[in-house]
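These figures come from a predicted structure and were not determined experimentally. We name chains A, B, ... by the order of the sequence lines, and we start the count at 1 in each one.
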2 protein chains.
Amino acid sequence: MRLLIVEDEPRMATALQRGLIAEGFTVEVALNGPDGLHLARENSYDAIVCDIMLPGLSGYRIIEALRAEQNWVPVLVLSAKDGEYDEADALDLGADDYLVKPFSFVVLLARLRAVLRRGVRPRPAILACGDLTLDPAARAVRRGNVEIELTPREFSLLEYLMRRAGDAVSKADILHHVWDAHYEGDANVIEVYVGYLRRKIDQPFNRHAVQTVRGAGYRLAVDGG
Amino acid sequence: MRLLIVEDEPRMATALQRGLIAEGFTVEVALNGPDGLHLARENSYDAIVCDIMLPGLSGYRIIEALRAEQNWVPVLVLSAKDGEYDEADALDLGADDYLVKPFSFVVLLARLRAVLRRGVRPRPAILACGDLTLDPAARAVRRGNVEIELTPREFSLLEYLMRRAGDAVSKADILHHVWDAHYEGDANVIEVYVGYLRRKIDQPFNRHAVQTVRGAGYRLAVDGG
DNA sequence: CCTCGACGATCAGCAGACGCATGGTGGGAG
DNA sequence: CTCCCACCATGCGTCTGCTGATCGTCGAGG
């Protein structure tokens, strides 16, 4: 397992490096932001351990840049900040975990292993199908650069369909995940809401973004219609 | 997005439920370990938020049981313990994240979103015979790159034949698997539906993709006709 | 090679299921 | 009170699944 540590404080960097090497990892170290981003771009690591406060380029920007380039390497953030919004921001930018200094080495190890176990699947913080995008954290939907206003129900429905983009999703599934497990009403609500959604997210002269799969349910076009 | 909360303290459970519902999630609650495990087994959640100290069955055991059954639903653990080894244990058992009480709701949300990003996606499983492909998850059939629209019955018939491509499949088998085990009607339906299929999936100037084996049934050509 | 019977293919038609639009109701927030 | 959101009910047009009848084809035996 090959790791990159991005940490500007030399003593911390060295301590981490020693500890992780002792645990059997292959470890490289960058002492500032730009170097860290450069190394992360040029090499393929199994995970990155990254400080937030870095000279030259903050940890936030590094994660943002990597994710924008479709680089889904797991990133574990270290930070002296313990504000809840700092943590939430880092995670919503695409970090995989967040540890507040001072932290225990055992915990770091466990979290590192948890993050490594998940591997490098694409897990964008913002869902996209063609030029249709949905940001779960900001609860925002856009077609290109145009923001689309959705009601809460419409939003949940679209989010669920986008997380399963390309799959045919049955109405029972939709009812369970977007409405409620013991929802008793008519499945007709789904049809109504798909109708609402289409009016808002479809573009003229294109096919529906939400396709009907007769007898099976609905499918969100991977290219967003 | 459908969540399960397993938490024995009623006030905490209710608070979480309210907050998460307000964020647009579909939420169910279990107030003890056995109920939680039961619900997790019977239903399909997008994520589980699980306390560790539970009456009847600890959170550890729940995760362990689910993972042993190949259930990889993302689990976010909550705990009042702050011993570092507890945390390491939970993560190594297959939890996906860990929060120590008291925690910030904003952070819980962000971590939940991070955990939801990866989802559970065993993708491939696309059946192919020559350039004829069938994707059961997407409920899509194509000849080359051209999408072919099939009705539900046509689709299940083709799926069954493709899963047994190259075999001669008897009409009794087809009736059992595509129709119903105790279907009483005329076996002529099969002939009718094979006809429908051929019209849609055969290419001109080629032999039938679904070949007739006189007196025995039908066989799907391995090369797709 | 021809005949005949059994098996398979095709067709038209119908009943019911399905999906969609629309307008209406009710309840909660401001 | 007003607005908006979630949901319900109705009606319509289309599609699907199936039936029953007819037509075509294969192949064994003479």
Side-chain angles (χ1 to χ4, degrees), chain A residues 139 141 148-161 168-202 207-220 225, chain B residues 18 21-27 139 141 147-161 168-180 182-202 207-220 225:
Chain A
R139 293 194 82 74
V141 176
I148 299 174
E149 303 264 348
L150 297 184
T151 70
R153 193 66 90 190
E154 289 161 3
F155 186 89
S156 313
L157 174 58
L158 182 60
E159 180 182 3
Y160 186 61
L161 291 175
V169 185
S170 77
K171 294 188 183 180
D173 269 15
I174 295 177
L175 229 38
H176 281 158
H177 286 84
V178 179
W179 270 261
D180 190 271
H182 350 82
Y183 178 82
E184 295 293 336
D186 196 333
N188 174 248
V189 264
I190 298 177
E191 288 151 19
V192 173
Y193 271 82
V194 167
Y196 294 159
L197 260 189
R198 283 176 174 161
R199 271 175 233 170
K200 295 190 178 182
I201 68 177
D202 278 359
R207 71 186 192 291
H208 289 318
V210 181
Q211 304 164 343
T212 304
V213 187
R214 217 165 203 279
Y218 296 92
R219 171 175 51 212
L220 192 90
Chain B
R18 292 230 178 100
I21 286 176
E23 287 294 322
F25 292 98
T26 301
V27 181
R139 248 194 144 65
V141 176
E147 172 120 22
I148 300 174
E149 304 258 352
L150 297 184
T151 71
R153 193 67 90 191
E154 290 161 4
F155 186 89
S156 20
L157 174 58
L158 180 60
E159 182 178 3
Y160 184 62
L161 291 174
V169 185
S170 77
K171 294 190 182 178
D173 270 12
I174 296 177
L175 229 37
H176 268 194
H177 287 89
V178 179
W179 271 259
D180 190 89
H182 15 78
Y183 177 81
E184 297 291 337
D186 193 339
N188 174 246
V189 265
I190 298 178
E191 287 147 18
V192 173
Y193 271 83
V194 167
Y196 293 160
L197 260 190
R198 284 175 174 161
R199 268 178 237 170
K200 294 190 177 180
I201 68 177
D202 278 359
R207 71 185 193 291
H208 289 318
V210 181
Q211 302 162 347
T212 305
V213 187
R214 230 182 149 77
Y218 296 91
R219 170 175 50 218
L220 192 89

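In the helix from C:dC1-D:dG30 to C:dG30-D:dC1, the rotation axis of the first five pairs and that of the last five pairs differ in direction by 30°, rounded to 10 degrees.
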For nucleotides 6-10 of chain D, list the nitrogen or oxygen atoms of the protein found under 3.5 Å from its nitrogen or oxygen atoms, one pair per line.
from  : atom 1 : to     : atom 2 : distance (Å)
D:dA6 : OP1    : A:R153 : N      : 3.0
D:dA6 : OP2    : A:T151 : OG1    : 2.5
D:dA6 : O5'    : A:Y193 : OH     : 3.3
D:dC7 : OP1    : A:R153 : NH2    : 2.7
D:dC7 : OP2    : A:R153 : NE     : 2.9
D:dC7 : OP2    : A:R153 : NH2    : 3.4
D:dC7 : OP2    : A:W179 : NE1    : 2.8
D:dC7 : N4     : A:Y196 : OH     : 2.8
D:dC8 : OP2    : A:Y183 : OH     : 2.8
D:dA9 : N6     : A:N188 : OD1    : 3.1

Please list, for nucleotides 22-25 of chain D, all pairs of protein and nucleotide N/O atoms separated by less than 3.5 Å.
none

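Exactly one of B:V169, B:L161, B:L157, B:D202 qualifies for a side-chain contact (heavy atoms from CB on, under 4.5 Å) with B:V210. That residue is B:L161.
Without hydrogens or angle criteria, B:S156 side chain to B:V178 main chain gives no donor-acceptor distance under 3.5 Å. Not one N or O on the side chain of B:R139 forms a donor-acceptor pair closer than 3.5 Å with the backbone of A:R214. Judged by distance alone, the side chain of A:S170 and the main-chain N or O of A:G217 form no donor-acceptor pair under 3.5 Å.
The CZ atom of B:R198 sits 12.0 Å away from the CZ atom of B:R207 when rounded to the nearest 0.5 Å. Note that the CG atom of A:D173 and the CD1 atom of A:I190 stand 9.5 Å from one another [nearest 0.5 Å].
Taking 4.5 Å as the limit, some side-chain heavy atom of A:T151 sits within range of a side-chain heavy atom of A:K200. Inter-residue side-chain proximity for B:T212 and B:Y218 is flagged as met; some heavy-atom pair is nearer than 4.5 Å. Looking at A:K171 and A:L175, their side chains never come closer than 4.5 Å, going by heavy atoms from C-beta outward.
Residue-environment remark: CD (A:E149) stays at or below the threshold of 12 foreign heavy atoms within 6.0 Å. Within a 6.0 Å sphere centred on CZ of B:R18, heavy atoms belonging to other residues, nucleotides or ligands number 12 at most.
For DNA chain C, the span of nucleotides reached by chain A at under 4.0 Å from its heavy atoms goes, 5' to 3', from C:dC18 to C:dT22.
B:L157 places its CG atom 13 Å from the C1' atom of D:dG17, with the value rounded to the nearest Å. Atom-to-atom, CD of B:Q211 to C1' of D:dC26 comes out at 16 Å; the value is rounded to the nearest Å. Regarding A:K200, its NZ atom lies at a distance of 10 Å from the C1' atom of D:dC4, rounded to whole Å.
Under the rule for a side chain to side chain donor-acceptor pair (under 3.5 Å), A:Y193 has no partner lying at least two apart in sequence or in another chain. In this structure, A:H176 has no ring-ring contact (aromatic ring centres under 6.0 Å, His included) partners at least two apart in sequence or on a different chain.
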